[in-house]
Amino acid sequence: TTPPVKENAFKSLAKTFKNKHFRVFVLSDIIYWIGITIFNTGFIYYVENLLALDNYMVLFTLMTFVTFICYPVVNILSRKFGKKKLLVWGFALFGFAFFVSAFAGKVSFIPNQVYGFIICVLVGVPLSILGVIPQAIVADIAESDCINTGENRDAMFYAARTFAFKLGQSIAMIIFTSLAVVGQYTETNEAGVEILKNTGTGYRISLVIALVLCIIAMAIILFYDEKNVMGTIEKAHK
């Protein structure tokens with residue numbers, strides 16, 4: 001095995017980002033994390049405000065359960081179709097789930113409770129894909145980079161990816177909190193007490209933004225050259 005490199009952290013990070021495959025992946029990853037964090041942050045508000053339901057934890061548990069049971073299927077499909085193709089499917093499914101979520105409470109012929117379950121299933125499936133595949137892709141990129149350069153930079157690739165999604169999460173929090181106030185108004189009840197209400201406009205806008213971000217992330221990851229990365233690894237193992 002190739003020993004880890006011993007050099008300045010900034011120099012090592014700069015070399016890490018010189019890898020074109022990693023640059024494509026991490027840009028897509030940042031954008032994806034902005035979108036999914038917007039959804040995760042707003043989920044309770046989508047349930048309580050847009051769907052007018054009070055069973056947030058039930059729906060969250062269902063979403064988690066769907067994600068968990070899909071993990072074995074994701075592993076099988078990734079071996080059959082490749083990680084990149086599965087990641088593209090994951091982004092597409094997320095986009096569709098966010099599109100459906102944006103109309104929460106507006107589809108009169110579907111009860112809100114049923115609509116909530118539909119959203120959880122639609123989100124749970126791509127969550128399982130994005131919970132497994134990105135880490136596997138980072139491992140592939142790190143291994144191919146080690147083969148090409150003779151330098152083991154595994155830890156730096158994972159650290160850079162961690163920084164990327166933390167950055168995405170931070171940006172998402174700013175976006176969501178800014179939009180959450182859109183549509184807020186006060187209403188005075190019979191006792192003369194002002195109650196803060198929300199039309200849900202900002203929440204729906206946040207879902208549209210999450211949808212657009214997933215489409216952008218999907219478009220970027222199409223430039224990831226998985227054949228080159230895997231070809232390097234396979235050639236080295238022959």
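Any value given below was found using the heavy atoms of this structure, including those in side chains, with hydrogens, waters and symmetry copies removed. What you see is a predicted model; the values in this text were computed from it and never measured.
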What donor-acceptor contacts under 3.5 angstrom involve side-chain atoms of residues 19-26, with partners at least two apart or in another chain?
residue, atom, partner, partner atom, Å
Asn19, OD1, His21, N, 3.0
Asn19, OD1, Phe22, N, 3.1
Asn19, ND2, Asp145, OD1, 3.1
His21, NE2, Asn228, OD1, 3.2
Arg23, NH1, Phe17, O, 3.0
Arg23, NH1, Lys18, O, 2.9

Going by atom type alone, with no hydrogens or angles, which donor-acceptor pairs under 3.5 Å involve a side-chain atom of residues 69-80 and a protein atom two or more places apart or on another chain?
residue, atom, partner, partner atom, Å
Asn75, ND2, Tyr71, O, 3.4
Ser78, OG, Val74, O, 3.3
Ser78, OG, Asn75, O, 2.9

N/O donor-acceptor pair under 3.5 Å between Ser144 side chain and Ile141 backbone: yes
Nearest heavy-atom neighbours spanning Phe94 and Cys214: CB-SG, 3.6 Å
Donor-acceptor contact present, side-chain Thr177 to main-chain Ile174, <3.5 Å: yes
Contact check, side chains of Phe68 and Thr64, non-hydrogen atoms, under 4.5 Å: no
Euclidean distance, Ile44 CD1 relative to Leu53 CG, rounded to 0.5 Å: 12.0 Å
Same apolar cluster (I L V M F W Y, side chains within < 4.5 Å links), Leu59/Met57: yes
Reported CD-to-CG distance for the pair Glu48 and Asp54, which is rounded to 0.5 angstrom: 8.0 Å
Beyond-backbone contact of Lys15 with Met156, side-chain heavy atoms, under 4.5 angstrom: no
Nearest atoms (heavy-atom pairs only) where Gly105 meets Leu51: N-CD2, 3.6 Å
Interatomic distance, Glu143 atom CD to Asn152 atom CG [nearest 0.5 angstrom]: 10.0 Å
Audit row: Tyr46, Phe39, ring pair (Phe, Tyr, Trp, His ring centres under 6.0 Å) steps and yes/no: CA-CA 9 Å; Tyr46 305 148; Phe39 179 83; 5.8 Å; yes
Least distance between heavy atoms, Ile31 atom then Leu213 atom: CG2-O, 3.2 Å
Within one Ile-Leu-Val-Met-Phe-Trp-Tyr cluster: Val114 and Leu50, side-chain cutoff 4.5 Å: yes
Spacing of Leu207 atom CG and Phe99 atom CZ [to the nearest 0.5 Å]: 11.5 Å
Phe43 atom CZ: more than 12 heavy-atom contacts under 6.0 Å: yes
ILVMFWY network linking Tyr56 to Val58, side-chain heavy atoms under 4.5 angstrom: no
For Ser206 against Ile38, the heavy-atom pair lying closest together: O-CG2, 3.6 Å
Separation of Leu93 CG from Phe98 CZ (nearest 0.5 Å): 11.0 Å
Centroid separation Tyr45 to Phe176 less than 6.0 Å: yes
Whether Asn198 side chain and Ala180 backbone form a donor-acceptor pair below 3.5 Å: yes
Distance-only polar pair, side chains of Asn55 and Gln113, donor-acceptor under 3.5 Å: yes
Tyr185 side, atom OH; Leu196 side, atom CG - distance, nearest 0.5 Å: 9.5 Å
Tell me which donor-acceptor pairs under 3.5 Å the side chains of residues 116-140 have, and how far apart each pair is, sequence neighbours excluded?
residue, atom, partner, partner atom, Å
Ser128, OG, Val125, O, 2.5
Gln135, OE1, Arg161, NH1, 2.9
Asp140, OD2, Lys83, NZ, 3.0

hydrophobic_cluster_shared for Ile171 and Met173, side chain cutoff 4.5 Å: no
Closest contact, heavy atoms only, Gly35 versus Ala210: O-CB, 3.6 Å
Phe165 with Tyr32, same ILVMFWY side-chain cluster at under 4.5 Å: yes
